[in-house]
Novice: 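After the structure tokens below, expect a handful of questions from me.
So you know, we letter chains A, B, ... as the sequences are listed, proteins then strands, and number each from 1. Only heavy atoms go into these numbers, but all of them, side chains included; no hydrogens, no water, no symmetry mates. This structure is a prediction, so every number in the text was calculated from the model and none was measured.
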Amino acid sequence: MLQGGGPPDTSSYYRVAYVWAAVLYAGYSIILWARSRRLRRIIEARGPVRRVRDG
Amino acid sequence: MTSRALPDDAGAASPVIADVETRPLFDWLFGVAVVAMVAAYVRAVFFTPVEALQGAAQKIYYVHVPAALSAYLALGIVALMSIVYLWLRDERADRLAESSGEVALVFLTAVLTTGPLWGKPIWGTWWTWDARLTLTLFLWFLTAGYLVLRGAVDDAGMRARYSAVIGILAALLIPFIHLSVYLFNTLHPKPILLKPDKPSMPNEMVVTFFGFFIACALLCVALIRARYRYGVARDALRAMDLAEEGE
């Protein structure tokens with residue numbers, strides 16, 4: 001794997017790992033945001049909540 | 001638009017319903033985490049030297065190990081909050097444990113996928129049934145099982161109790177995973193930073209590693225916070241459903 005005494009060319013694996021990690025974290029954040037937005041829309045669609053303490 | 005009355009004891013989340021529509025899911029902490037992560041990427045890609053023997057693949061270390069430590073952090077929170085729940089029966093602890101469990105699975109997925117991307121060029125194989133790798137895969141399945149169990153049990157009290165036990169058991173694996181490279185004859189490298197003597201790395205690589213570690217830990221906490229807020233909104237909706245059923 002060594003090429004002329006220099007470091008081996010393993011850059012493709014490193015690039016895939018960095019891109020994949022970024023996609024994974026960003027993907028989860030987007031999914032979480034989408035789930036939350038859907039939930040908030042359902043709550044908003046049901047109208048304002050009036051809190052009562054004694055029935 | 002109609003207004004509905006919601007009794008204070010209608011459900012777990014009733015005291016926080018007012019916050020659901022106003023609190024942002026992602027706040028300043030998430031912004032700081034994203035900036036830190038971008039800075040860590042830039043430093044690792046452009047300002048950190050390529051290792052002489054492994055080449056650029058060595059840089060996978062900077063995303064792989066901080067992801068593992070963040071997963072341990074999240075699972076530590078799962079265990080701690082599970083203990084708190086079993087002790088105090090506080091549903092906020094259960095919700096925080098659930099949120100941490102989901103985020104832990106994301107980081108464990110990062111660990112189990114970036115590891116083989118380093119293993120292929122360095123070991124010559126994507127995967128080996130080495131103690132460290134096998135235990136980490138087992139931890140991934142335990143964490144996934146924890147979340148599946150939570151989705152499968154309808155009764156909130158039973159769900160919280162059962163999942164608390166699994167959450168504690170999952171976290172008990174972490175010390176074994178860390179020590180597995182000492183306890184067993186494994187192919188996985190021994191720690192080069194988290195060890196009693198000085199790091200086996202030049203300072204500029206150590207700085208890059210700690211930059212990534214801080215960024216990953218911040219992202220982990222920010223995602224747990226966001227997931228917790230999602231849990232609050234979901235529980236508020238459940239409380240509304242319960243209140244409507246009771247009317």
Novice: Does a salt bridge link B:Arg159 with B:Glu98, judged by any charged N lying under 4.0 Å from a carboxylate O?
Specialist: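 Between B:Glu98 and B:Arg159 there is no salt bridge, as every charged N stays at least 4.0 Å from the carboxylate O atoms.
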
Novice: Is chain B contacted by the side chain of A:Tyr28, its backbone, both, or neither, given a heavy-atom distance below 4.5 Å?
Specialist: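 Just its side chain gets close to chain B.
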
Novice: What pair of heavy atoms forms the shortest contact from B:Ala56 to A:Tyr14, and how long is it?
Specialist: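 B:Ala56 and A:Tyr14 have their closest heavy atoms at O-CB, 3.4 Å.
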
Novice: B:Val50 versus chain A, heavy atoms under 4.5 Å apart: side chain, backbone, both or neither?
Specialist: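 It is the side chain, since no backbone atom gets that close.
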
Novice: Please state whether the side chain, the backbone, both or neither of B:Ala222 comes within less than 4.5 Å of a heavy atom of chain A.
Specialist: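 Neither part, no heavy atoms under 4.5 Å.
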
Novice: Can you confirm whether B:Thr143 sits close enough to B:Val78 that some side-chain heavy atom of one is under 4.5 Å from a side-chain heavy atom of the other?
Specialist: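 Not touching, per the 4.5 Å side-chain cut-off.
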
Novice: Is it true that B:Asp235 and B:Arg238 make a salt bridge, defined as a side-chain N closer than 4.0 Å to a carboxylate O?
Specialist: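 Judged by the 4.0 Å cut-off on N to carboxylate O distance, B:Asp235 and B:Arg238 do form a salt bridge.
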
Novice: Relative to chain A, which segment of B:Leu223 carries a heavy atom at a distance below 4.5 Å: side chain, backbone, both, or neither?
Specialist: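 Both backbone and side chain of B:Leu223 come within 4.5 Å of chain A.
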
Novice: If you tally heavy-atom pairs under 4.5 Å against chain B, which of A:Ala22, A:Ala26, A:Gly27 wins?
Specialist: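 Among the listed options, the one with the most contacts to chain B is A:Ala22.
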
Novice: Give every donor-acceptor pair under 3.5 Å between a side-chain atom in residues 28-39 of chain B and any protein atom, sequence neighbours left out.
Specialist:
none

Novice: Please check: side-chain N/O of A:Thr10 versus main-chain N/O of B:Gln54, any donor-acceptor pairing under 3.5 Å?
Specialist: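 Flag set: sc A:Thr10 to bb B:Gln54 pair under 3.5 Å.
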
Novice: Tell me which of these, B:Val63, B:Ile60, B:Val103, B:Thr114, has more heavy-atom pairs under 4.5 Å with chain A than the rest.
Specialist: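 Greatest number of close heavy-atom pairs with chain A: B:Ile60.
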
Novice: When only heavy atoms count and the cut-off is under 4.5 Å, which of residues 208-216 of chain B reach chain A?
Specialist: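 From residues 208-216 of chain B, the residues near chain A are B:Phe212, B:Cys216.
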
Novice: How close do B:Ala74 and B:Ile224 get, counting heavy atoms only, and between which atoms?
Specialist: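 The answer is CB-CD1, 4.2 Å.
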
Novice: Do you know which of A:Tyr25, A:Trp20, A:Trp33 has the most heavy-atom pairs under 4.5 Å to chain B?
Specialist: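 That would be A:Tyr25.
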
Novice: Between the side chain of B:Ser100 and the main-chain N/O of B:Leu96, is any donor-acceptor distance below 3.5 Å?
Specialist: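 Yes, the answer is positive, given that a donor and an acceptor are paired below the 3.5 Å cut-off.
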
Novice: Of the non-hydrogen atoms in B:Leu108 and B:Leu75, which two are nearest, and what is the gap between them?
Specialist: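 Scanning both residues, the minimum pair turns out to be CD1-CD1, 4.1 Å.
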
